[in-house]
*Asks:* 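Submitted below is the structure of interest, expressed as structure tokens.
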Amino acid sequence: MEYNPKDIEPKWRAWWRENGTYQVKPDNSRPKFYILDMFPYPSGAGLHVGHPLGYIASDILARYKRLRGYNVLHPMGYDSFGLPAEQYAIETGIHPAQSTDQNIRRYREQLDNIGFSYDWSRELRTSDPGFYKWTQWIFQQLFNHYFDNEAGKALPIAQLEARFRESGNAAVQAACDEDTPVFSAEAWNAMSEKAHRELLLKYRLTFPEESYVNWCPALGTVLSNDEVKDGVSERGGYPVERKLMKQWSMRITAYADRLLAGLEEIDWSESIKEQQRYWIGRSQGAAVKFGVAGRPDAQIEVFTTRVDTIYGATFMVLAPEHELVSEITTEAQRQEVESYVRWAATRTEIDRMSETKKVTGAFTGAYALHPFTGDTIPVYLADYVLAGYGTGAVMAVPSGDQRDYQFARHYNLPIVPISDAQTGLDEAADPTKEGRYINSGIINGMTYAEAVPTLIRWLEARGLGKGKVQYKLRNAVFSRQRYWGEPLPVYWKDGTPYLIDAKDLPLRLPAVDKYLPTETGEPPLGRAENWRYTPPGSTESYEYELSTMPGWAGSSWYFYRYMDPHNEREFCSKEALDYWKGVDVYCGGSEHAVGHLLYSRFWNHFLYDLGLAPQKEYAKKLINQGMIQGRSNFVFRAKERFFEQYLWIKILQPFFSAESPIQLANTGHEETFTYDFAFETHDLAIEVTSYKQLDKIERVRQTTAADGKRLLLLFNEELADHINDHAYTAVKIRKALDSREAFIMTQEEPVSDILYVSYELTHKYDPECFSKLHVDVNIVDGDVLDLGRAAGKPMFHNAAFKMDPAEKKFYCSWEVEKMSKSKYNVVNPDDMVDKYGADCFRMYEMFLGPIEVGKPWDTKGITGVYNFLRKFWAQFFDEQGRFIVSEEPPGPDELRILHQTIKKVTDDIERYSMNTCVSHFMILNNELRSLKCNKRAILEPTVILMAPFAPHLSEELWRLLGHDSTVCSAPWPELNPEYLKSDTVTLAVQINGKLRGTLEAPLDMPYPDIEEIVLRQEFVQRNMQDLTIRKIVVVPNRIVNIVAN
RNA sequence: GCGGGAAUGGCGGAAUGGUAGACGCGUUGGUCUCAAACACCAAUGGCCGCAAGGUCGUGCGAGUUCGAGUCUCGCUUCCCGCACCA
């Protein structure tokens, strides 16, 4: 009986679905386990083989935990608000809901194909009003709370109001805007309601404010810091500029310390935790106020982490945007300063980054007063000081800070050493904390540890400064000028925002005629008719907020909704929260390190403060699956920014001969055309034995290159518009390349310093091949040539050639890169499932290597897994194809290998090492085959062990073994350590740490006997001839090391 | 520049301080076949050797240890993240 996945897989998927096998309910009799995948954004491209990697690993874990008796919550949903659907809507007029729905259906189909054990009755979509009702509700809670620094948690804003009425805000320790004025109770009580509301906005955890934001003109929206990479938008790569705008903001900074501390209690990768720590960017230092000469009213405050270097401050630098700039600038300098400020404003982020080493600045003509010495020091502007960090001003200590040093050198400002340990100040700054201070007034002769508190005490006593903690973390911009997102449940009255009544939630997205900004530049919601709110009991109506929420809103809390997805009264019931608590294992990509993974922790801390979340940290364990990369099909030009849109293939071998012309037919389109080829001459004769997979390449065009050699052009510019065709073609070409080393790809116009690339041309030294390639490839012997990084940035990795005549080896490597539609290197999981079955695909993805590391996709290896499954299947059938297992009792060898496998697979799943599990199954199968074992007592437990990995095959065999219930609820085989023991062990014998031989010895042989036996061995005696034994180290049942000289 | 991680055959990758290279791919040889494919069997880190065996081997250099891919120190290279953060 042949193993045919198509016969069994759809059948069992249907059965599982019909029988609700994967549906879960809270069950206090069993321990719970919550395994969550990061839900996908349903893009139009569908899944590729890289996507399911994490899903498969978590599915294996979920199935395993079920077999271990856990009540497993393993849900899936869609992060279905987002930019691409909106862009598509702008282009086509199709409502994003409609295209999103279509994409989701496609995703669901693909996910179903792979046999995941999701409880689909809990599916959710962030764009579903039943879901975003609660996103809006949480937003309202944030609006209604402030962060109390004394309590260390969020408290209702009403409590804050009460305190203001009682005693003003002087004694209130709360997270608030920097510019919050101090007021007394009397003053508060005398204010208007509008004034009250405006002041409260300075405390609320979400609030509108005028601030510099990342404005992306091309996308017509603002972006949060984590959505901007290298000065351009993460989606689309459009330029981003800084712009002062009124935006909703989340006071995440209030939680900075808790988000930092929380990292200590979660089992996430060090790299993600470090990224979050860095993003939060806590630094301890001091705030110091400098006076301005001749202006007793003005002060320049700076933040420094090195207050101990303050005596070395010989000038000050302000950011060009600093608010005091025009005030303190002298008339003589005004023109220069203004032109510098203008110049700085026009520079984009990219400009700044590419010129970080260049010193620019301007002198304001003003002088600051050094708080300790009273000296006057000049005040400059420079854009190396950032307006957005600290106070936007620094005290410049050229002897201790390299940037200040460079600036001082450029403007010929004094560089004063401040420590006797500083060296090399002729060359560079020396930021040492060693030694004792010199030229430093009250701290002369002190060490670093003594100086800092001395200085801070001095400053505090005079009101000139204080110790301060500064964060890099900024409040997160929370509004987007887009259509396809959650509407903010807010209306505007009298210039301040009000929440709509909770009973009016959800505030549904209105219909609009177009998905573009209005003619007056308002967001698309401005197009909605009658987009106004009438508060309960009011006759007036007021305009709703026109912005929507950002993409990360829904994903900041969705993990709770799965626990109770259909609840209409609460975001999640208390019972469900008490039972499921939080996520036990969270699986997803590391690209969300400082976006989703930080924002969701923030919301969770907030919900925890409200008593709505059971745990401070919602996900104890995080697994980051690596990215599966595709191979690039392109050869890049080193000196040009964009790579060729063509793929050239040069035929190296006469695989089209005059005798047997090959037809290349277009099979992908309605129009069909064929080319007949007959090549008479050939450039090279690398042996090629298989070409048949070439027969589906589309649109091949024969052409002649400049040097007169024949070339085939496989892509053409028309195809650029048909991305799917590209992907298709690229895959076909890769298959051809995979099958044989048939091609060299080359560029249109070869240039000597640019390389030709071939695909794993040879892996063994072949002198013929070598010399011919040498001629053709034009490369420097023994060199690894990096094809260069376009414009200094690794926009694309490149293929490299290495030829090493000394080693007689020739290497050629392909670059690997992210699989993406635009790179034409996508491999579709459906194709894999269609050809090999879901079980095989699942196992193969796991077999590729550890989940956390990225690796290139290589379809070749899948046959190994497929053969394994076929052979495993065959164990259950006799030659006539009848299902037959023996009821004989198993022998010790069979039991040993079974229990070894139980042990290894159990241990390895627990440590998320799925790749080695697959190996263990293969080893087990190889052993059982050589033992010709078809005994039920062995095979039945094996089927259960395999069930998490290959659920369909296991289910089929399980039923054939005579079970009525599903293998999904079978008990995990129990390890019996007795069976692992054997009578003898293989002892390795080393002499001075070198392996000299092995010998079979009885288990647990006593020491003197071991020594005796070992020394009797022929190979030991032979190697011991001139040596005297010093010592014999015995590791029981493993190794004997004879130390001798 | 700073932070995190990695480096093991032709390739993906295994190895609680204890026989490096499990398992798979690929390759080579063989069986089957008119032939091919599939399948099956065998070999497969390099070098020397007919063989037995020897010898060198986990990026480089030191160290700890009876014993190091694994631990320590110092480098190199690559990947990821951040990047004028005062």
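Order of the sequence lines sets the chain letters (A, B, ...), proteins ahead of strands, with each chain counted from 1.
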*Asks:* For RNA chain B, report each stem as range with range, ordered by first number, or say none. Use Watson-Crick or G-U wobble pairs under 3.5 Å, at least 3 in a row.
*Replies:*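 Runs of three or more consecutive pairs: B:1-7 with B:76-82, B:10-12 with B:23-25, B:26-31 with B:39-44, B:45-48 with B:53-56, B:59-63 with B:71-75.
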*Asks:* I'd like to check the side-chain hydrogen bond (donor to acceptor under 3.5 Å, both in side chains) partners of Ser269(A); sequence neighbours left out, ordered by chain and number.
*Replies:* none
*Asks:* Taking side-chain hydrogen bond (donor to acceptor under 3.5 Å, both in side chains) as the definition, give me every residue that meets it alongside Glu301(A), ordered by chain and number, with sequence neighbours left out.
*Replies:*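 Scan of Glu301(A) (side-chain hydrogen bond (donor to acceptor under 3.5 Å, both in side chains), adjacent residues dropped) gives none.
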*Asks:* In whole angstrom, give me the gap between the C1' atoms of rU8(B) and rU33(B).
*Replies:*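 It comes out at 41 Å once rounded to the nearest Å.
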*Asks:* Starting the side chain at C-beta, find the nucleotide from rG26(B), rU16(B), rA15(B) nearest to Thr863(A).
*Replies:* rG26(B)
*Asks:* Measuring to OP1 and OP2 of rA86(B), would you say a side-chain N or O of Tyr389(A) lies under 4.0 angstrom away?
*Replies:* yes
*Asks:* Using a cut-off of 4.0 Å on non-hydrogen atoms, how would the nucleic acid contact of Asn926(A) be classed: base, sugar-phosphate, or nothing?
*Replies:*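 Answer is sugar-phosphate: Asn926(A) comes under 4.0 Å of backbone atoms only.
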*Asks:* What is the ring orientation for Tyr3(A) with Trp873(A), classed by angle as parallel under 30°, tilted 30 to 60°, or perpendicular over 60°?
*Replies:* tilted
*Asks:* Can you sort out the partners of Ala319(A) under side chain to side chain contact (heavy atoms under 4.5 Å, CB included), two or more places apart, ordered by chain and number?
*Replies:*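 Listed in chain order: Glu321(A), Val385(A), Ala387(A).
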*Asks:* What's the gap between rG12(B) and rU65(B) when it is taken at their P atoms, as a whole Å value?
*Replies:* 36 Å
*Asks:* Using a cut-off of 4.0 Å on non-hydrogen atoms, how would the nucleic acid contact of Tyr278(A) be classed: base, sugar-phosphate, or nothing?
*Replies:*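 If one applies the 4.0 Å heavy-atom cut-off, Tyr278(A) turns out to touch the sugar-phosphate alone, with no base involved.
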*Asks:* Would you give a per-nucleotide map of nucleotides 38-51 of chain B, 5' to 3', where B means the base has a protein non-hydrogen atom under 4.0 Å away, S means only the sugar-phosphate does, and - means neither?
*Replies:* -SS-----------
*Asks:* Compare the minimum distances between each of rG54(B), rA86(B), rG12(B) and the side chain of Asn1023(A), then state the nucleotide with the smallest one.
*Replies:* rG54(B)
*Asks:* Which residues satisfy the side-chain hydrogen bond (donor to acceptor under 3.5 Å, both in side chains) test with Glu852(A), sequence neighbours excluded?
*Replies:*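 Per chain and number, Glu852(A) pairs via side-chain hydrogen bond (donor to acceptor under 3.5 Å, both in side chains) with no residue.
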*Asks:* P atom, rG21(B) versus rG9(B): distance in rounded Å?
*Replies:* 14 Å
*Asks:* Give Thr998(A) one of three labels, base, sugar-phosphate or nothing, depending on what nucleic acid heavy atoms sit under 4.0 Å from its own.
*Replies:* base
*Asks:* Let me know the distance between CZ of Phe872(A) and P of rG24(B), rounded to the nearest Å.
*Replies:* 15 Å
*Asks:* Which part of the nucleic acid, if any, lies within contact of Arg282(A), taking any heavy atom under 4.0 Å across all strands shown: a base, the sugar-phosphate backbone alone, or nothing?
*Replies:*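 Answer is nothing: Arg282(A) stays at 4.0 Å or more from every strand.
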*Asks:* Expressed as a whole number of angstroms, how long is the span from Leu924(A):CG to rA22(B):P?
*Replies:* 18 Å
*Asks:* When all nucleic acid strands are considered with a 4.0 Å heavy-atom cut-off, which category describes Thr986(A): base, sugar-phosphate, or nothing?
*Replies:* base
*Asks:* Taking atom P of rG53(B) as reference, at what distance in whole Å does atom CZ of Arg1022(A) sit?
*Replies:* 7 Å
*Asks:* Among residues at least two apart in sequence or on other chains, which ones pass side chain to side chain contact (heavy atoms under 4.5 Å, CB included) with Tyr411(A)?
*Replies:* Val359(A), Tyr380(A), Phe407(A), Leu413(A)
*Asks:* Partners of His920(A) by ring-ring contact (aromatic ring centres under 6.0 Å, His included), sequence neighbours excluded?
*Replies:*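 Here no residue qualifies.
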*Asks:* For RNA chain B, whose closest nucleotide is more 5', that of Arg996(A) or that of Phe847(A)?
*Replies:*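 The residue whose closest nucleotide sits nearer the 5' end is Phe847(A).
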*Asks:* For a quick check, with a 4.0 angstrom heavy-atom cut-off, what is the B/S/- contact string for nucleotides 56-72 of chain B, read 5' to 3'?
*Replies:* S---------BS-----
*Asks:* Toward the 5' end of RNA chain B, which comes first, Thr916(A) or Glu270(A), by nearest nucleotide?
*Replies:*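 The residue mapped nearer the 5' terminus is Glu270(A).
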*Asks:* Ring centres of Tyr836(A) and Phe841(A) under 6.0 Å apart?
*Replies:* no
*Asks:* Please give the distance between the P atoms of rA83(B) and rC73(B) as a whole number of Å.
*Replies:* 29 Å
*Asks:* Could you tell me how far apart Ile1010(A) (CD1) and rG18(B) (C1') are, to the nearest whole angstrom?
*Replies:* 14 Å
*Asks:* Taking only residues two or more places apart in sequence or in another chain, which ones pass side chain to side chain contact (heavy atoms under 4.5 Å, CB included) with Ile266(A)?
*Replies:*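 Side chain to side chain contact (heavy atoms under 4.5 Å, CB included) list for Ile266(A), sorted by chain: Leu263(A), Trp268(A), Arg601(A), Glu617(A).
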*Asks:* Could you please name the option among rA86(B), rC23(B), rG3(B) that lies closest to any side-chain atom of Ile923(A)?
*Replies:*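 Within the option list, the nearest is rC23(B).
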*Asks:* Can you check the distance between rG69(B) and rA15(B), where both ends of the measurement are the P atom (answer in whole Å)?
*Replies:*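 Those two atoms are separated by 16 Å.
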*Asks:* Roughly how many Å is it from CZ in Phe921(A) to C1' in rG24(B), rounded to a whole number?
*Replies:*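 Whole-Å distance recorded here is 15 Å.
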*Asks:* In whole angstroms, how far is the C1' atom of rC2(B) from the NZ atom of Lys472(A)?
*Replies:* 10 Å
*Asks:* Between the main-chain N or O of Ala593(A) and the side-chain N or O of Gln276(A), is there a donor-acceptor pair closer than 3.5 Å?
*Replies:*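 Here the side-chain-to-backbone pair exists.
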*Asks:* Please report the distance, rounded to the nearest Å, between CD1 in Ile862(A) and C1' in rC11(B).
*Replies:* 17 Å
*Asks:* Give the rounded distance in Å between these two atoms: CG of Leu260(A) and C1' of rG3(B).
*Replies:* 15 Å
*Asks:* Walk me through it: do Asn1037(A) and Leu1003(A) pass the test side chain to side chain contact (heavy atoms under 4.5 Å, CB included)?
*Replies:* CA-CA 7 Å; Asn1037(A) 298 323; Leu1003(A) 190 72; 3.9 Å; yes
*Asks:* When all nucleic acid strands are considered with a 4.0 Å heavy-atom cut-off, which category describes Ser271(A): base, sugar-phosphate, or nothing?
*Replies:*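 The answer is sugar-phosphate, as Ser271(A) gets under 4.0 Å only of primed atoms, P, OP1 or OP2.
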*Asks:* With rounding to the closest Å, how many angstrom separate the C1' atoms on rU28(B) and rG45(B)?
*Replies:*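 About 16 Å, rounded to a whole number of Å.
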*Asks:* Taking atom C1' in both rU76(B) and rG61(B), what distance in whole Å separates the two?
*Replies:* 10 Å
*Asks:* I want to verify the glycosidic state of rG61(B); is it syn or anti under the 90° rule?
*Replies:*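 You should classify rG61(B) as anti.
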*Asks:* Got a sec, which residues hit side-chain hydrogen bond (donor to acceptor under 3.5 Å, both in side chains) with Glu178(A), two or more places apart in sequence or on another chain?
*Replies:* none
*Asks:* When you compare rU72(B) with rC79(B), how far apart are their C1' atoms, in angstrom units rounded to a whole number?
*Replies:* 25 Å
*Asks:* Taking only residues two or more places apart in sequence, or in another chain, which ones meet Gln402(A) in a side chain to side chain contact (heavy atoms under 4.5 Å, CB included)?
*Replies:* Tyr405(A), Gln406(A), Ala428(A), Ala429(A)
*Asks:* Please check if the number of heavy atoms outside Glu270(A) that lie under 6.0 Å from its CD is greater than 12.
*Replies:*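 For Glu270(A), atom CD is crowded (more than 12 foreign heavy atoms under 6.0 Å).
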